[in-house]
Each structure stands twice: as C-alpha cells, then as structure tokens.
S.K.: 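Have a look at this one before I ask anything.
All values below were derived from every heavy atom in this structure, side-chain atoms included, with hydrogens, water molecules and symmetry-related copies excluded.
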Amino acid sequence: MRTRVSPFVVFSIVIGLVFPVIADIPQVMTYQGKVTDSGGTPVVDGGYTMTFDVYDAASGGTSLWSSGALTVMVSGGVFSVLLGDTGQPALSLDFASDYWVEVDIAGDAQTPRVRLGSVGYAYMASGLVAGTEVSGSVTSGTSAAIRGTNTATTGTRYGLHGRSYSTSGRGVYGEAAALSGTTYGVYGAAASTTGYAGYFQGNARVTGNLTVDGALAASGIGDITAIIAGTGLIGGATSGDATLHVAVPLALTASNANAIVSGTNSGATGASPGVQGTSASTDGRGLYGVAFATSGNTYGVRGESASTWGVGVHGLASATSGTTCGVRGESASTWGRGVHGLATAATGTTYGGYFRSDADDGYGVYSLASATSGITYGVRGESSSTAGRGVSGSASATSGITYGGDFGSASTAGRGVFGLATAATGTTYGVYGRSSSTAGRGVYGLATASTGTTHGVYGESASSGWGFGVYGVAVATTGLTCGVFGKTNSADGYGMYYQGGLAGTGTKSCVVKTSKGPTLMYCQESPENWFEDVGRGRLVGGFAHVELDPVFVETVTIDEVHPMEVFVQLRDDCRGVFVKAGMTGFDVRELQSGTSDAEFSYRVMAKRKGFESKRLDYCAAAERDSYLFPELREQERREMEEERARHEEERTRMEEKRARMERERPEPIRVSEAGR
C-alpha cells in the first residue's frame, strides 16, 4: 500500500507470470493496480502515461528492466498491464534474486516500490539458472521423488541424463541414506531380455564387496593380462612379466578405526622400537605425525612400550647440523598432544619420551608453546611418586653456560616452567634442575613477553605445614652464595617483590657504594608495625600547625585507640614546646605562652593500617630454622648429605643408563641412492 503524498496514489499487486508448459514461454508478467487521488477517490477514467521499472533494491539501486512510457487505460481507478508484452523490451530476467517494481505515473514515481513475490520466480521453471538445486520429496508409496520419462520407442534416448565437467565430479550420484534394510544407491532395471540394467563405457571400479546373483558372462575371463599400479605402488605392465614396487614417498589414505600403518616389536627386552624413523636431512624429521582433528584426544604420534628397557617412541635424526628433529609431532586439537609417549612398565628405568642431541648447539628436549594468550605450557611435567620429579633436567657438562632445563613461554599468561608433583608426602619436586657446571644453571626460566604478568620461574606449594612456593638453598659452606637471587634491569622494577609477610633470621640490609666499596646498611626493627614521616616547621608567634601528608594518612590508622606519636626537635632558642595531636595533623605551642618564631624538626609515627594489633607475634615457620636452633644443624646436615647421596646415586644410574643405551643404540637406517 502506498503512503506517498502526491497527485496519485497507487495500490498495486503482481498477479503472476503467463506460464504455459512449453519450452519457449512468453516472458510476460501481469501487473494490476488501483489509482486514486490523495484523498482516496479513484481517478477519472481514461488513458494515463505510465512507466514500469524493475530494480535490484527497495530504494536506490539499479534499474534492470524498463517498460518505457506506456499508455495504460484506467477504469474506476483500476488498471492491468502485461509487462514485457509486444512493443516493450523482453523481460529477460533470471529471477534468481530479489526484485522491486517502481511505477511512474505522468512523471511522478510512486514509493515505496513493490517487491516481487514467489509467483514472479516461476520464470525459473523454464530453465534452471546455474547452481540451482532441484529436489523432490515423497513420504510414502513407491513413487519417485524426481522422475524422468522419455516416451520415444527408437533411437538413443535418456529418461534422465546427468553430466559433470568437474575433474572429480559425478555424472550421476546416488546415495541410500537408510542405515538398515536392502537399499540401493543406484538401481537399474532392464525389461529387455537382451538389455542391461547398467552399462558403462570406460573403467568400472568397486570399492566394497561385489555380489553377483546369477552367471557372470563376460569375455576375457582367464589369465591376467595386465597389472595396474594402485595407491602406494609403482610399476605394472599390460603384457608379459610385471613387477610392482612400493612408491617413494609412500602415501596411504583410508577411513577406519584401525591404524593405517602399524608397527609391532614383540621383544620384551632391549632397545626394541615399534616404529623407527630416520632422517639424514639437515631439515628432516625422523618421524613426523600430524593429527588434523580439531577436537578429541588426538595424538600426532603416540608410542607405547611395555618393556623394562623399551622406548615408547625412538626417533633419530643423524645429521650433525641444521634444524633437525628426531621426532616431531603436531596436533591441532584443543585437547590433543603433539607427542604423547607412555611407558607402562611399573618397574625399571623407563621413559615416556627419551630425547638426545649430540650437536654442540643442540637440545636434548626443545619445547615451545607459541600461543600468545591463554594458559600455555612450554613443558609441563607431573609426578605422582613420593620421591618423583615433575620435571628432572641435568646438564652434565663441567664447563660452559649450560642449563639443567631451559624453557620459555611467549604467552601473556604463560609459564616458562610449570611442574606439578601431586604426591602429598615424601620428598617431591614440582621442578628439579641440576647443573654441575661452574657457570651453569640448575633451573633457568625465561618469559620473553614484554607485557602482561609473566614469570620466568613460578612456584606454588599447597602445603599448610612447611610448604615453599620457591625453595632455594646454596649448600656451599663458604664463598659468596645466594639461596635465591633476584635481579631486575628496570629502573622502576624490583629485584624481589613479595606479597604477604617477610621474615627471616638473618639481617635485612641495603647495599650502598662508599669509599670502602659496597657497604651494608641495616634496617631498624620494632615489636610493632609503624609507619613514620619526618619534616620541619616554624613557630609564628609561639604557634605552628602541621598537617600530615594526605597520602601518608591513607596508609596508617590514627584514632583515639591508636593515636599518632610526634617527636619535636627545636632548632632555635625558645622556652620549649609541647604538642597537641589530632587525627590528620598536630599543633606545636611554645611553653609559658611564649611568642618566639623558632624553627623545629619533627618525626611522626603511626600504626600501619591493617596491622594495628600486631606485636611480637609467634613465628611458627622458624621452628625448623637451624640458625635459631643450632641443635637442628646436625639433623639438617644429615638430611643434606642424604639428599646429596640420592642425587649422586641418581647421577650414577643415569650415567649407566646413558652408557647402556649408547651401546644398544641401533645403527641408523641408510637409504641407498637407488631407494631414494
């Protein structure tokens, strides 16, 4: 319905297309409307000049077809016209998208335009546009959803003809979607006794079982006269002797629940890889696995070994230079594993994954979490053993800058190292790093992100009794040693920042540079928590008021229960002074109503906010401190000796294991030039 204020008002309707069921239909469309004046009264009968345009938009847009100026007869305000009729341009639109009709009467375009409905799109029945899909549906009976019938009794005729020009297309594609019953993707029947239910020109291929009910009548049954190489094979011949070879590289593709390639080594002892991959390329991969699934528990490579000396996955890249990977695994799944190794034996020195590099600049293990956000792990290790290690790294070189473990995370919420020992008892380590080098690092953590809350090393402890988020001990009894050393290169940073209390049995010192060299300055200690401020003032006529720094006031509690303490030191001669303290400042008055203008210094002390009642609290955390209780030093010494002995025993065992594996290491697989 039109609401435009103009000399005319048109109420329009598109009746439809003239659509006889023949191949070449007259492309015309019936358009009817009623013309009234602005008051709703039908216009005077007679001929009116009208123009009809088809647009591709409700407003604006482009005119796709125009009737030109037509003289349209109006009776009782009603008119009817065939758009695209004789004398007008052909209405050759494909009706594959939305169209709007605009009517112009005597130079006055009527708005809004009229949108064509589904009737107008009956044009599509005369010839489908590219990309149109024809579908049919029946819910019962035996009738076809789509049927083609050719009644010609002679000649090469088709009831249904399908054609595809795609390099991987199907001329005719049939699919039986039912999950049970006797179904046919394609069903053919021939009524002629000499006919064929199905006939193919060219090769025919069956990927499933072939069932023949009846005799198999074909020419050429007998000796094999041709061998055609299929997937993963090369060679073959059409006559004479034929030989097939495995293609290099070999690519196998299938879709089932079983492994496409499976390697099994039934040896229960010794170095017995299930699958061994070797690459001599400077950029090669001994074994490369990719799990493309974006969800689920997927594994780029998964290896298992039940042997007490077995290896879940053993990959060897024998090149001595270049970016090589003994084993490289990738997974695109949100719960996937790039490499997942599992050693299920309950005894023996076993490794879920064992890695080694003999290069001067190589890495036994190099792990990188490249995501720049989220909780990511360069390396994550867990141990449930009462004497286990979440991650154990050892750099056995006795010189050079070596790392027991070197990990990094570029994520703004990542962990350079995250180790978790879940056992609730025993001497466990979330992360254990060791270096025997004179310039080595037992554990080195690096967070390279320049923004965000990052941690080079982050430690947590859930123990409520004697837990340490980070515990550092320097066991040497002489020399300049540090249990924990913190450093910052930022002028606004902190070498060490703590949340919560800070306690210790040693001194707290600041180091300053003097003529003697670096010199220690010591902190004052108090049985209570005080904050203090100092300053200067001057009496004027024997009186002065000092208002405290408002920021300082925010950090302390000053009230009747916790008054401030003020200490005044006169710097000029006067009769003496006394102080009257308030909540945010204090008054200084000269004794005996003096009127001098003496200068003075002051020191103000007030209780730290939140710690007003703290006084000489008991420190349970120091009950095992051998500095306070020398009788514990012998016990501590024994524990350290036992720990050192355990470490030495483990080092010896590791050396023996390393030597044994070196002796048992299989020779690399050499690929001949002919095999390449």
Side-chain angles (χ1 to χ4, degrees), residues 1-137 145-146 165:
M1 183 173 121
R2 308 298 180 121
T3 57
R4 173 185 172 94
V5 178
S6 67
F8 304 100
V9 178
V10 179
F11 298 86
S12 304
I13 181 171
V14 181
I15 296 300
L17 297 173
V18 175
F19 196 93
V21 185
I22 57 176
D24 297 321
I25 67 172
Q27 294 187 340
V28 293
M29 181 168 59
T30 302
Y31 190 99
Q32 293 183 355
K34 182 177 181 180
V35 186
T36 69
D37 59 20
S38 58
T41 303
V43 298
V44 178
D45 294 350
Y48 289 79
T49 301
M50 299 186 187
T51 302
F52 300 83
D53 286 85
V54 178
Y55 281 84
D56 59 2
S59 62
T62 303
S63 175
L64 305 178
W65 179 86
S66 178
S67 66
L70 304 176
T71 300
V72 180
M73 299 306 297
V74 178
S75 176
V78 177
F79 70 90
S80 178
V81 64
L82 284 177
L83 302 182
D85 200 4
T86 304
Q88 304 176 37
L91 192 62
S92 57
L93 301 177
D94 58 17
F95 290 93
S97 58
D98 291 338
Y99 299 122
W100 287 261
V101 177
E102 182 180 277
V103 182
D104 184 286
I105 303 177
D108 184 69
Q110 302 298 299
T111 58
R113 297 168 182 168
V114 176
R115 183 179 180 183
L116 294 183
S118 60
V119 174
Y121 290 93
Y123 267 148
M124 296 179 65
S126 67
L128 298 178
V129 298
T132 301
E133 179 177 305
V134 177
S135 62
S137 176
I146 298 177
Y165 290 98

S.K.: Do Ser66 and Thr51 have side-chain heavy atoms sitting under 4.5 Å apart?
M.R.: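 The answer is yes, as the side chains (C-beta and beyond) meet within the 4.5 Å cut-off.
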S.K.: Could you measure the distance from the OH atom of Tyr99 to the CG atom of Asp56? Nearest 0.5 Å is fine.
M.R.: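 It is 8.5 Å, given to the nearest 0.5 Å.
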S.K.: Do Met50 and Phe79 come within less than 4.5 Å of each other through their side chains, counting heavy atoms only?
M.R.: yes
S.K.: To the nearest 0.5 Å, what is the distance between CG on Asp53 and OG1 on Thr62?
M.R.: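 So the CG of Asp53 and the OG1 of Thr62 are separated by 11.5 Å.
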S.K.: With heavy-atom distances below 4.5 Å as the criterion, would you say the side chains of Val28 and Leu91 are in contact?
M.R.: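 Val28 does not reach Leu91 side chain to side chain.
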S.K.: Are any non-hydrogen side-chain atoms of Val54 and Val101 less than 4.5 angstrom apart?
M.R.: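 Side-chain contact under 4.5 Å: yes.
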S.K.: How far apart are the closest heavy atoms of Asp45 and Gly76, and which atoms are they?
M.R.: OD1-N, 2.6 Å
S.K.: Is there a side-chain contact between Tyr31 and Val72 in this structure, where contact means two heavy atoms from C-beta onward sitting under 4.5 Å apart?
M.R.: no
S.K.: Is the shortest heavy-atom distance from the side chain of Tyr48 to the side chain of Val35 under 4.5 Å?
M.R.: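 The answer is no; the side chains never approach within 4.5 Å.
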S.K.: Return the minimal non-hydrogen interatomic distance between Pro42 and Lys34, and the atom names on each side.
M.R.: CG-CE, 4.1 Å
S.K.: Nearest 0.5 Å, please: how far is CZ in Phe52 from CG in Leu82?
M.R.: 10.5 Å
S.K.: Over all heavy atoms of both residues, which pair between Thr30 and Ser80 is shortest? Give the atoms and the distance, please.
M.R.: CG2-OG, 4.0 Å
S.K.: To the nearest 0.5 angstrom, please state how far the CG atom of Asp108 sits from the OG1 atom of Thr49.
M.R.: 13.0 Å
S.K.: Nearest heavy-atom pair of Ser67 and Pro89: which atoms, and what distance?
M.R.: O-CD, 3.9 Å
S.K.: Taking Trp65 for its side chain and Ala90 for its backbone only, find out whether a donor-acceptor pair lies under 3.5 Å.
M.R.: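 Indeed, once roles are kept as given, a pair shorter than 3.5 Å links the two residues.
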S.K.: Identify the heavy atoms of Glu102 and Arg113 that sit nearest to each other, and give their distance.
M.R.: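 Minimum heavy-atom contact is OE1-NE, 3.0 Å.
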